[in-house]
Protein chains: 4
Amino acid sequence: MTIIGLDESNRSLILTDWLVINLCLMNLISQPHIRQRRKEARPAELTAAALELFVEKGFAGTRLDDVASRAGVSKGTLYLYFDSKEALFKAVIQEGIVPVLEEGSDLVDGHKGSASQLLRLMVEEWWPRIGDTHLAGLPKLMMSEARNFPELAIYYHDTVIVRGKNLIRAILKRGMVSGEFRPVDMETTIDVILAPLLMQAIWRYSLGACCGTRHDAKRYQRTHLDLVLYGLANPDQAPKGKTPK
Amino acid sequence: MTIIGLDESNRSLILTDWLVINLCLMNLISQPHIRQRRKEARPAELTAAALELFVEKGFAGTRLDDVASRAGVSKGTLYLYFDSKEALFKAVIQEGIVPVLEEGSDLVDGHKGSASQLLRLMVEEWWPRIGDTHLAGLPKLMMSEARNFPELAIYYHDTVIVRGKNLIRAILKRGMVSGEFRPVDMETTIDVILAPLLMQAIWRYSLGACCGTRHDAKRYQRTHLDLVLYGLANPDQAPKGKTPK
Amino acid sequence: MTIIGLDESNRSLILTDWLVINLCLMNLISQPHIRQRRKEARPAELTAAALELFVEKGFAGTRLDDVASRAGVSKGTLYLYFDSKEALFKAVIQEGIVPVLEEGSDLVDGHKGSASQLLRLMVEEWWPRIGDTHLAGLPKLMMSEARNFPELAIYYHDTVIVRGKNLIRAILKRGMVSGEFRPVDMETTIDVILAPLLMQAIWRYSLGACCGTRHDAKRYQRTHLDLVLYGLANPDQAPKGKTPK
Amino acid sequence: MTIIGLDESNRSLILTDWLVINLCLMNLISQPHIRQRRKEARPAELTAAALELFVEKGFAGTRLDDVASRAGVSKGTLYLYFDSKEALFKAVIQEGIVPVLEEGSDLVDGHKGSASQLLRLMVEEWWPRIGDTHLAGLPKLMMSEARNFPELAIYYHDTVIVRGKNLIRAILKRGMVSGEFRPVDMETTIDVILAPLLMQAIWRYSLGACCGTRHDAKRYQRTHLDLVLYGLANPDQAPKGKTPK
DNA sequence: CATGAATGAGTGTTCATTCAT
DNA sequence: AATGAATGAACACTCATTCAT
């Protein structure tokens, strides 16, 4: 196709042109720029397709044929970019977790208001940036496959979980220092606060996809925040009878 | 059976006869019992083995050979009791969910004290009865495989999830009626309260099994309860400055 | 069951009786006469069941489970009488071919009338004695499995085919000697005469069992005989314009 | 395709260019052709191998491993072309029955001579075209497996048997109309005439393959024709004392 | 004798991986 | 770079055979 386009604009090719062409063809038809652009997009297209299928069927239940055809390429092509199914899996995980936590960190560092406001901000931002994204499939995928890929699980843990918890820890610490939050057991509180967020993501890609009584994400988060902020509120300081903000 | 019939029709046997008979028949009778017991125990042994492996590796990743050998039988034997891998999976799920929710329901109905105490009781009982059991693998398994077995997911949802939520709903309703809990959005609150429990179980059989910074279940639950009860406490009623019990 | 019947008629058993009984039981409950009779019938019941199934599904396609349950026994019992599936198959063949050819031979030897009449008699007797019997399944079975059991095929060939051909040969010879039949190539004629009989049997247990436009066996045989006798009739001798008898 | 498009738009290429191109591309083009040819030939190679083995061992007794290795490929390759063992079986049957009956029909329609000659021609042609071919295994295979594949048996019946009988019927009708043949029962006569042909094919792939006293096909057919034509000859018309031709 | 639970070798089928083009 | 035909190891499932009872 490419070649046809190329020669359609050169109806009077002479021998030298042909030699050039042949040289190109001998390189197994080297790809012009349009292809080039796609070529760079390929890995991302493949991991995107793979993410969806891994999340849906699990690692072992996913066929590379399906991944390839969902990405619009042949199965062989997949192996140009990934050495094995496992390598693809790892790429899916690693690609999925890179970007977001940086922003969270910036958010925390740059924030000027109260810890409550910051926590609210974090939770509210989590939904559009992760929870409502395909990225939200990652937690479910990682939970499902952790024991089949322990090293990867550790990597995920250290890169995502630990850093996510760091964000919450920073907020809690700030709130407790300022007296806005009552003193609580730090580490377990972090887990308890995060659990509903994670469960929401996991649910969405598991039971929620089957027997979904439509889930109102916004309401769920509002309730979550409400409960957590109430639960953290320092009774000695906060004005009584008022919802903590 | 034959033997039983035989002694029922001979009521005039005296002790010595029985000794003779018993000695003679011992190797005809006693071993069948062992066999019998084994035969009846087999399905449970197999589903137990299967549960462990399904939870660990996922459905597709589990080899029936492994299930069989973990149960101490050959692969063929497995097929005496289950028609297919899928049938085994379904049996694992169904067998796992039968027993516990009844007790929960009784607990709620029979409780005399405050809603807070009841909620505390529920959460505290959940751990030894489910969370600390192999049954706790079920949520993780179901989350992982829901989309591969949608009908089963619906069954699980209706049988376990819905009924579990009913328990919490009953408690919340009681507390809100009595004024012990402040008014909150019922349905989402239920989910938010349950999420940390479920996450704890899921975690235990996923990332927790790999990168477990030893998880202190008791402390986690104490914090969870603390946060929830604080968060639900009715500020108009509860004595200020005091941790809700 | 047997035992129950036995002790129901002896409500006042004393010790010695019990010793006798126990001795019997130690022999693993020796079988009374009713059983005995069945015991002798067992092999025949089993081969009968096996014949049907082998004919229907072929050797490899037949499950011993099915054979046993069609004969009303358990699979283990089958192995009390036959060492292996192959042994059962051989028994089926051997049992099926024993009886009939003797009679044919007697028929030929004792016959006084014309060769035509004898041939007609043979063909007509073939139907009720073999063709309309389960035995007619044997040719189909043997054809199907000959190459899987060459030695058995040779045995069958020598025992059935050769002897069957001998019968026809004797008749043809007699007819040719007497001038009733015109001279023909003996050996191939025998085959050509037998072929429709065999095909009829084979058909019945193969395509005829599926897409049977109801097959009128009598008419088929009449036509066969008619064609053969016409075809063999000696034009120099037979009264012209008259159907040969 | 690319290459073709390329040269279509370059009509001014001269011979030398083409030589260059051909040399360069030779290893890009010529080998695909070989592949292509193989790829298209594969199904036929596979069904050919399968036919042999199915005829020899029966459907259930044939291992796909053997089919594949007889065709010179691996077992997996077989599944690129056939969905299942059963699909392969059906392909074997369907592929085997397509071609020959058309010719027979043409033969009958175009024939000018006597019905006897036509019948002789049909029978004589049958041997080199079918009887002496691997196709002759089909009847044996179909007989053996009819009851395991009833729908296929019906298809075979309607496509092969019925049409084969139509050919004979047409000949008989012609001969009876012309007075060449005496009046006989049409339908059963067809069967009786065909039976020796079919038996010959079946025999060849069953007992004949084991205990073959070498079978003289030509002589067998001559006798068959001789007997049939004598048997059909109209005594009112045919010159007496003369073998019908 | 009779049973049927247990076995494990064998086979149909799938699918990750390779490689010639 | 891309394809897809080919491979073969792996696994679900079957069934002839054994054996404890």
Side-chain angles (χ1 to χ4, degrees), chain A residues 27-32 35-36 38-39 42 60 62-68 73-86 88, chain B residues 25 27-36 38-39 42 60 62-66 68 73-86 88, chain C residues 2 27-32 35-36 38-39 42 60 62-68 73-81 83-86 88, chain D residues 25 27-36 38-39 42 60 62-66 68 73-86 88:
Chain A
N27 274 343
L28 297 175
I29 302 155
S30 68
Q31 303 306 333
R35 275 274 169 95
Q36 216 81 17
R38 292 219 73 183
K39 183 180 73 178
R42 279 283 149 77
T62 295
R63 297 205 312 252
L64 290 189
D65 260 319
D66 290 343
V67 173
V73 299
S74 75
K75 191 166 44 167
T77 303
L78 205 157
Y79 277 84
L80 295 176
Y81 298 99
F82 303 96
D83 285 344
S84 67
K85 194 185 188 183
E86 193 165 330
L88 174 63
Chain B
L25 297 183
N27 50 352
L28 291 175
I29 300 177
S30 66
Q31 277 171 333
H33 276 201
I34 292 168
R35 267 271 171 120
Q36 214 86 9
R38 290 222 75 176
K39 184 189 150 191
R42 277 284 145 75
T62 296
R63 295 205 311 258
L64 291 190
D65 259 320
D66 289 343
V73 298
S74 74
K75 189 168 44 171
T77 302
L78 206 159
Y79 279 86
L80 294 177
Y81 299 97
F82 302 97
D83 285 343
S84 67
K85 193 183 188 184
E86 192 164 332
L88 174 63
Chain C
T2 311
N27 274 341
L28 297 175
I29 303 155
S30 69
Q31 303 304 331
R35 274 276 170 92
Q36 216 81 17
R38 292 219 72 184
K39 183 181 76 180
R42 277 283 150 76
T62 295
R63 297 206 312 251
L64 291 190
D65 260 319
D66 290 343
V67 174
V73 299
S74 75
K75 192 167 43 167
T77 302
L78 205 157
Y79 277 84
L80 295 175
Y81 298 99
D83 286 344
S84 67
K85 194 184 189 183
E86 193 165 332
L88 174 63
Chain D
L25 298 183
N27 51 351
L28 290 175
I29 300 178
S30 67
Q31 276 170 331
H33 277 200
I34 292 168
R35 269 271 170 122
Q36 213 85 11
R38 290 221 78 176
K39 184 190 149 188
R42 277 284 146 76
T62 295
R63 295 207 309 259
L64 291 189
D65 259 320
D66 290 344
V73 298
S74 74
K75 192 166 43 167
T77 302
L78 207 159
Y79 278 84
L80 293 177
Y81 299 97
F82 303 96
D83 286 342
S84 67
K85 194 183 189 184
E86 192 165 331
L88 174 64

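So you know, we letter chains A, B, ... as the sequences are listed, proteins then strands, and number each from 1. Just so it is clear, the values below take in all heavy atoms, side chains as well, and ignore hydrogens, waters and symmetry mates.
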Exercise. Roughly, in whole Å, what's the span from CD in Glu86(B) to P in dC11(F)?
Worked result: 19 Å
Exercise. To the side chain of Thr77(B), which of dA2(E), dA6(E), dG12(E) is closest?
Worked result: dA6(E)
For this session: Round to a whole Å and report the spacing from CG of Asp66(B) to C1' of dA10(F).
Result: 12 Å
For this session: Can you sort out the partners of Lys75(C) under salt bridge (charged side-chain N to carboxylate O under 4.0 Å, His left out), two or more places apart, ordered by chain and number?
Result: Asp65(C)
Exercise. Does Tyr81(D) make a side-chain N or O approach to OP1 or OP2 of dA5(F) shorter than 4.0 Å?
Worked result: no
For this session: Return the 5'-most residue of the pair Ala60(C), Ala60(B) with respect to DNA chain F, ranking by each residue's nearest nucleotide.
Result: Ala60(B)
For this session: Let me know the distance between CG of Leu80(D) and P of dT7(F), rounded to the nearest Å.
Result: 9 Å
Problem set entry | Non-hydrogen side-chain atoms of Leu64(C) and Tyr79(C) separated by less than 4.5 Å | yes
Problem set entry | Nearest heavy-atom neighbours spanning Ala60(A) and Ala60(B) | CB-CB, 3.7 Å
For this session: By nearest nucleotide on DNA chain E, pick out whichever of Asp83(D) and Tyr79(A) is the more 5' one.
Result: Asp83(D)
For this session: Nearest whole angstrom, please: distance from the P of dT18(F) to the CG of Leu78(C).
Result: 12 Å
Problem set entry | Difference in axis direction between the ends of the helix from dA2(E)-dT21(F) to dT21(E)-dA2(F), five pairs, 10° | 10°
For this session: Measure from the side-chain N and O atoms of Lys85(C) to the backbone N and O of Arg63(C), and report whether any donor-acceptor pair falls under 3.5 Å.
Result: no
Exercise. Ser74(A) side chain: which of dT3(F), dT7(E), dA12(F) is closest?
Worked result: dT3(F)
Exercise. Rounded to whole angstrom units, what separation is found between the CZ atom of Arg42(B) and the P atom of dG4(E)?
Worked result: 17 Å
Report all interatomic pairs (protein N or O, nucleotide N or O of nucleotides 9-11 of chain E) with separations under 3.5 Å.
residue: dT11(E); atom: OP1; partner: Arg63(D); partner atom: NH1; Å: 3.4

